[in-house]
Every structure is written in structure tokens, then in C-alpha cells.
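Treat the numbers as computed from the prediction; the structure is a model and nothing was measured. Both backbone and side-chain heavy atoms feed into the values below; hydrogens, waters and symmetry mates do not. Below, read A as the first sequence line, B as the second, and so on, with proteins coming before strands; counting in each chain starts at 1.
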There are 2 protein chains.
Amino acid sequence: MLTKSSTELVRQRNSVLVLSVLRRHGALAHTEISDFTGLSSATISAITADLEKAQIIEKSEHQAASGRGRPRVLLRQRRDCGYLIVVIISSDAVQYSLVDYAGKLIDRFNEERSHDPSGAARFVAAVRAGLLRILDRSKISQEKVLLISISSKGLVNSTEPVLLWSPIFGSDQIDFESVLRPDWQAKVILDNETLLVAAALGAREEIAKGADFRSLAALSLGHSIGLGIVRRGGQTGQEVSAPNFGHMLHMANGGLCRCGTRGCIEAYAGFYAILRSAFEVPLDTIPAKFVPVAELDKIAAKARQGHRVSAFAFRQAGLALGNGLSRMLSLTERMPIAITGPGTRYYDLLRQGVEEGLGQSHVVRMEGMPEIRVVADEQILVFDGHLNRALSVIDQDIVLSGVQSAE
Amino acid sequence: MLTKSSTELVRQRNSVLVLSVLRRHGALAHTEISDFTGLSSATISAITADLEKAQIIEKSEHQAASGRGRPRVLLRQRRDCGYLIVVIISSDAVQYSLVDYAGKLIDRFNEERSHDPSGAARFVAAVRAGLLRILDRSKISQEKVLLISISSKGLVNSTEPVLLWSPIFGSDQIDFESVLRPDWQAKVILDNETLLVAAALGAREEIAKGADFRSLAALSLGHSIGLGIVRRGGQTGQEVSAPNFGHMLHMANGGLCRCGTRGCIEAYAGFYAILRSAFEVPLDTIPAKFVPVAELDKIAAKARQGHRVSAFAFRQAGLALGNGLSRMLSLTERMPIAITGPGTRYYDLLRQGVEEGLGQSHVVRMEGMPEIRVVADEQILVFDGHLNRALSVIDQDIVLSGVQSAE
DNA sequence: ATTTTTTTCTCGACAGTCGAGAAATTTAGT
DNA sequence: ACTAAATTTCTCGACTGTCGAGAAAAAAAT
């Protein structure tokens, strides 16, 4: 359904646009903002005056004048305009980070996760405590925290911050909105981890290639398998999604997966699956919950020395990934694939299988092999993705609520 | 990348909005347009005055006054504002339809397709001739034809009107833009046939359910297998895509498909595949190009009488479809599935396989079976989809080009 | 001290939407 | 026949927004 436009909406959109270029390029002068946005100088004056009055941006101290002419006045976000807490949930720990409005890291700590089966209730309590702790360690008032951005592996509701399925809690759903609402008035968002990786890579790509960038998929290899897809959307910047790739059907009636279904991709390509296959354990054995990476390193070493069964295990994993990717490409357009996660260290062993699996499909035969690149530093990408998304959400909210009321 | 807004853009969007409600609801009075769009009465006056001056809409003769008060003046599109030619390419014929700006069918004829292997070049010549013929039969001047909307089965470039792969011509690509540019100045668009079905169903659904509508997939069963997905997008109405579903990998190293690859879904669920399977022909036999539907009806009859091998062929087809749909659902959100096409007459035989194939995956086990409905009248849906998309493209173009220049 | 250069700010013009109320035109009531 | 009520359409002034041109500011070069 189309929806009506108004002049006020124009100002809102342009204000968000100004904030977004400020975010992308750091502190900028009046004229630079005008160049980047395409808006006229007069409009920039009006918008920045409003934003300054609303205490969202500030004029920075005049820098060393470089060149003649009237010196530039740089505009930048006010760091204390608001704060963001990033919560990264991984299989063995939860990381809490406090970030200011300019994207600068203020405080961070990790908390080990207890592996007892007490489950979701206890975990939720730990997260509540962790959040209050990071707030307490800073001297920031709670109202100044505008957003709590959470990420986890698993399946996430696309509109509400509800964890639908995760490798750790299974189908024990967690609704972070209702969990955190008693303590916090901040907005809460939840994203799949690999989606954030894709978003971060997409943002980098867009800076590098500009308008040439179309789309990109990030595949995260580890205990579980994640996929994020990002494509450039019409008006609203990038569009991003995190399909349930790890549990897409690879082969009907295939190996048993942690999720209880048979034949998921993860049941062939997850760490536990490679282990199971290398030890020639029957495929319907209930898989181990956690696999020490050292164990997998050993198998990889044997495979590299020519041990047939170990090499075969990685090849099977690659095939499952390749088939799955080909199916994904059948349903989307051709796009480059970035491979991340701890599993990248075995990519030499996986590659052949991946390429063979891809090559078995019509799309790949027709359009050719997609570009595949291995990207390390998944941790950094996840955090980058958080900042990317969270801060632009804050920009949006701030313009919607803040500017009009502050007059 | 975000992009700047301006007041002129506001007017453009609102003009398109007015035209779109006029299209959805037929001739409307001033006040009704105001109600539907949410725009104020004054704005409607301004916009409709512009559109009338630009000869895009007109005041209709005052109808029988119903109720007291000043009688309404209905506004409607001017039929002669522009024309649209719809070209529907199917495996055995090409249908040409001439439609006026209000969506009313003016002329239509079918042309049989020669099945000789002379291929794309000859086909293209036939289409050029067909288009000139339908123009000639009417007394409309060529400049008045604003858009030529073409549909075919197969894979289509998402931005340009290029047929990348089709069941008939294989990888002999056809670029309709360059083919028709010499004869026509009209814009040319090309869509996958099942995408149009999905678009038409989506439009109906949106009218029925309003804001509750989220997304929907249309699966077309026939000689080949098509899939269209429609979901409600942010500003720009509906977002629609036609994945290469028929040639998504069903089973590695599986049956040989018409496309030359092994293991496509179509190689199990296309009409020729069901025939092949029912006659227990080896799966690597090069499949027949065209299968008379009567032949398949016979097999279906045998299957319904309990003939094992025939029933098994349909079941296998259903399994391939079900597995494929489950994979699609793993990559998207849960959505209802509408089944169309000539294959719906066998759905009683396919159903069990489809449901079993769906049930083998994690998503379906977790979220439950998606709603599946059988929808007849694929022909009508295709044409509806054409009108839907084509006329809204015309609205857009007309506002962009027509209104500002006419003053 | 003056000119040049560069940046920022300001003013008037123009486009768009909105609310209020005037104008138009019919039905209902007396 | 006349008036009141109802309903729709149109118009006017207020408000918000963007833009271009040029004034004002401020430093370097001459």
C-alpha cells in the first residue's frame, strides 16, 4: 500500500540523511555535508541549526586552518546525546559493550556462560544483571541509554526482539522486549549474528564500490551454520535478512541434527557433524552439544596428511554447504559469498566440496561460479554490524522524537 | 544509500497515490479520494486540477444524485490517455491484448507458435509482427502506446527486459528492449509468468486482508515449474520476485532435466518427469520436449485406480515440490502457498508427497505446515498481474513526465 | 591595506500541504 | 414556494520545506 507524503516528512528524511553522512564520514563542514547529500547550502543551515538546538550535534572547535578562506566549522554528533548497549551472545560467553552516540566504545566486559541446563530462565536473569552492571560501572543515567542491541545465533523474529530458536536453548523462546521492559525504557532490537556480519560487509562494500554494489551473502561456519543476505534496497538503504540456512534441508532422511530434524545442512557441515563423520559414528547418533575446536584441529591435520576418512568428512561438509548455497542462489540473484567464522581455518579442506556442491546446480552452470572470499575477524564484523544498524536506528528515532519537540 | 527528498517529490508521490486509489476503486469523488489517501480536501483539489489539465483524468458526467447535498463529481482516468499492449508467451501460443489506460480490454488475439526448431530469431520476428498487427487492427496511433508488458515462463533479468533462460529457447537469450526499440518508442517490461500470478494474488489478498497481509508464494505446476513470491514492502507497495525454483537442486546427481543439469526439481515434478517416472524410463533419459496433457491424464487415472507405479510417480513429484518449498521457507519467512497451473488437476495425487516433503524440514516442524490453497484460473491471474504491474508503471511514468510539462 | 578565496549565513521566491470557511447545489420540511 | 439542512467542492491564508543568489565573515596572499 502506498502512503501519503508531506513536507514534514521531507524534513525528517533529510535530517536522517544528514546524520547518516555525518556517521559515515565523521565530523564534516557545512559545505561537505552539502556535497555528500546533494542538498543546498541553505537547507543544510536550516537542518543543522535544528539539530544543534535539539542538542544532537555540535560545532567542534575550529581546527588548524588549512588553506585560505574562512575556516570551516566542523559539525559532529554530541557524544553524550545518547548511549547504546551492545550485547553479543555467543555459545560460551556474553559480551556487553557500552557505546556513545558517536560510536566510541566506552566500556566492555565478557561474562562466561554457565553450561548448566537450567536453561533460558537463568540466562535471562544473567543478561538482566549484566546490563545493569555495565550501566552501573559507567556514571550514565539510565534514560540516556536509547537502545539495547542484542545478537545471537539462531532464528529471530523479523519484527519483534524474540529469539525463536537458538542452538543453545532450542525452541525455548526468549522475548527480550518483555524481559527488559521492567528494567529499561530503551528500545530493544535483536538480530541474528550472521545478519550483522552481512550488514557490516555490505556497508564496507558500498563504501568501496558505491552504486555498483548490489548484494552479498555472508556464510558463517562454526558449531552451527549461519547465513546473512544483504541487498541494496530502494529508498531505505540496505535490506538485510537472516534465513534459517543451517537448518535448511540438505538431504531428506539424512543425518540427525541437533535440532532433532534429519538432514539439515548443519548435520553435515557443523563442527559436531564433521567430527561425527570423521569418527564414522552412525549419522543418527545424537550429536555432542559442544565440540572443542582442538578436536577438530586434529582431524583437519590428519586430513591434510592424506587420511581418507577425515578428508571425506570435510568434503561431505563442503558438499552440503555448496548444495545449500546453490539453492540459495536459485532463489535470489547471483551474489558474492563471504565465508567467515571459526570454520574458515578449514576452508582449504572444504573448498573442493563447496565448489562441487555449487556446480551441481543449474544456476551455477548457467551464471558461473559465484565469487567466494574468505573473511577473517568475524568478531569485529559482528560488532561493526551492531554499530551500523543500531546507530542508524538511533538516528531515525532521535529525529522522529527529538527535533520537533525541542523548540 | 539514502537519497534526498524535496517538496516536488512529495507532490509526485501523492499524485501517484491518487492515481493508484483511482485504479483500485474505480471512479471516485473528491471526498472519497481524500478519505482513501488521507490527504486533505484542498490537496486533492490541487492534484486533481493538475491531472485534469494534463489530460490524465476527467470529470465524469454527474450520476444520478443519491442523497441530498451538492452532487458528487466523479473523477476517472481518461481512457484515451494511453494504451498498453500485453503479450503473454506460453509454450504453444502467444496472446496479444490491447488495453486502454482504464484497464479495459479493447482487442485480443492468439497466435499459434510454430514448434519448428528455427528458434529465437524466428520467434522474435513473429512477436514484432504480432505487435504491429494488434496496433494496426485498432486505429490508435503508435505514440499512444505507452508500455508493452511481456511475460514468459523462465528466468528473467530483474532490471532489464531480457529473457535469460526459458523452457523453449534454453539459454538463447532474448533482449526485448533491443528487439522492439526499432519499431516502438514505448517502454518494454518483461516479467516471469508466475511472478505475475503471485502479484495478482497478492493484490487480492491485500484488498481482502488489508494491513494484515504479509507475504505469499505462488507455485505453478505444468510442463515446467514456476514460483513467484510477493511480500509487502516498505513505501513502495509490494515487492515481488520470481526465483529459479524449477531448476533449484532437488537431489544431487538426480534425474536429468530439460535444462541439461541433473537433479532439478522440474526433473521430478514437471509433466515430462512424471511421465518418465510412470513409464519407468531411466532417469538419465533425455526428456520429451512436449507432453500432451491427455497422456498425463491417463496416468493420473491409473494412479487413482490404485496402480502403484503411477501413484509413485506423482508422489515423487510431490516430494520434490515439498522439499523445495521447505527450502524456500527456510530462506524466507513463513507464508501461505497458492498452487496454480494445469498441474492443479493432479493435486489430489501430489498432496501427500508435498506434505511429506515439507514435513521433513526443520522450519515446518517448528512453525507448522504452511497454509496451502489450490487456485484455478491461472490465465486470468496472469492477465490480472500484467494489468496490475503495467498500469502502475504507466501511472508512475505519466506523473513523472506528463504533469510537470503540461502547464 | 587591499585583494582574493573560501565558507557560512540570510533573504526572498517558489512549491506543497492543511484547516477553515465560503460557495454551490440538492433534499427535506413547512 | 420558500427556508433550513446536508453534503460536496472550491478557495484563501498560514505554515513548512527547499533553493539560488548574494551578503557577511574570516583567513591567506599580494
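- If you take CD of B:Glu32 and C1' of D:dT8, they are 11 Å apart, rounded to a whole angstrom.
- In the model, A:Arg231 has no side-chain atom that pairs as donor or acceptor with a side-chain atom of A:Ser215 under 3.5 Å.
- Between A:Thr31 and C:dT8 there is a side-chain polar atom (N or O) within less than 4.0 angstrom of OP1 or OP2.
- Closest non-hydrogen pair, A:Gly202 versus A:Gln238, comes out as O-NE2, 3.4 Å.
- As judged by a 4.0 angstrom heavy-atom cut-off over every strand, B:Ala46 is placed among residues making no nucleic acid contact.
- Across the protein-nucleic acid pair, B:Arg70 atom CZ and D:dT7 atom C1' stand 10 Å apart, rounded to whole Å.
- Proximity note for B:Thr43 (side chain, C-beta onward) versus C:dT17, D:dC10, C:dT4: the nearest is C:dT17.
- A salt bridge links B:Arg214 with B:Glu333; the closest basic N to acidic carboxylate O contact falls under 4.0 Å.
- Residues A:Asp50 and A:Thr48 have side chains that never bring a donor and an acceptor to within less than 3.5 angstrom of each other.
- A:Leu39 comes within 4.0 angstrom of the backbone, heavy atoms only, and of no base.
- Side-chain nitrogen and oxygen atoms of A:Arg11 include at least one within less than 4.0 Å of the OP1 or OP2 phosphate oxygen of D:dT18.
- Of the two residues contacting DNA chain D, namely B:Ala42 and A:Asn14, the nearest-nucleotide position lying further toward the 5' end is that of B:Ala42.
- Listed pair A:Ser6 / C:dT17 fails the phosphate criterion, with no side-chain N or O lying under 4.0 Å from OP1 or OP2.
- Taking the side chain of B:His30 as heavy atoms from C-beta on, and the options D:dC10, D:dT18, C:dC18, the nearest nucleotide is D:dC10.
- The side chain of A:Val10 lies closest to D:dT18, out of C:dT7, C:dG19, D:dT18.
- Within the structure, every side-chain polar atom (N or O) of B:Thr7 is placed at least 4.0 Å from both OP1 and OP2 of D:dT18.
- One interatomic measurement links the two molecules: CZ of B:Arg72 to P of D:dA6, which rounds to 17 Å at whole-angstrom precision.
- Counting distance only, with no hydrogens placed and no angle test, the side-chain atoms of B:Ser41 and the base atoms of C:dC18 include no donor-acceptor pair under 3.5 Å.
- Checking A:Gln142 against A:Gln185 by side-chain atom types alone, no donor-acceptor pair falls below 3.5 Å.
- Comparing D:dT18, C:dC9, D:dT16 against the side chain of A:Ile47 picks out D:dT18 as the nearest.
- Where A:Gly38 and A:Glu8 meet DNA chain D, the nucleotide closest to each residue was compared, and A:Glu8 sits on the side nearer the 5' end.
- Look at A:Lys4 and you won't find any side-chain N or O under 4.0 angstrom from OP1 or OP2 of C:dG16.
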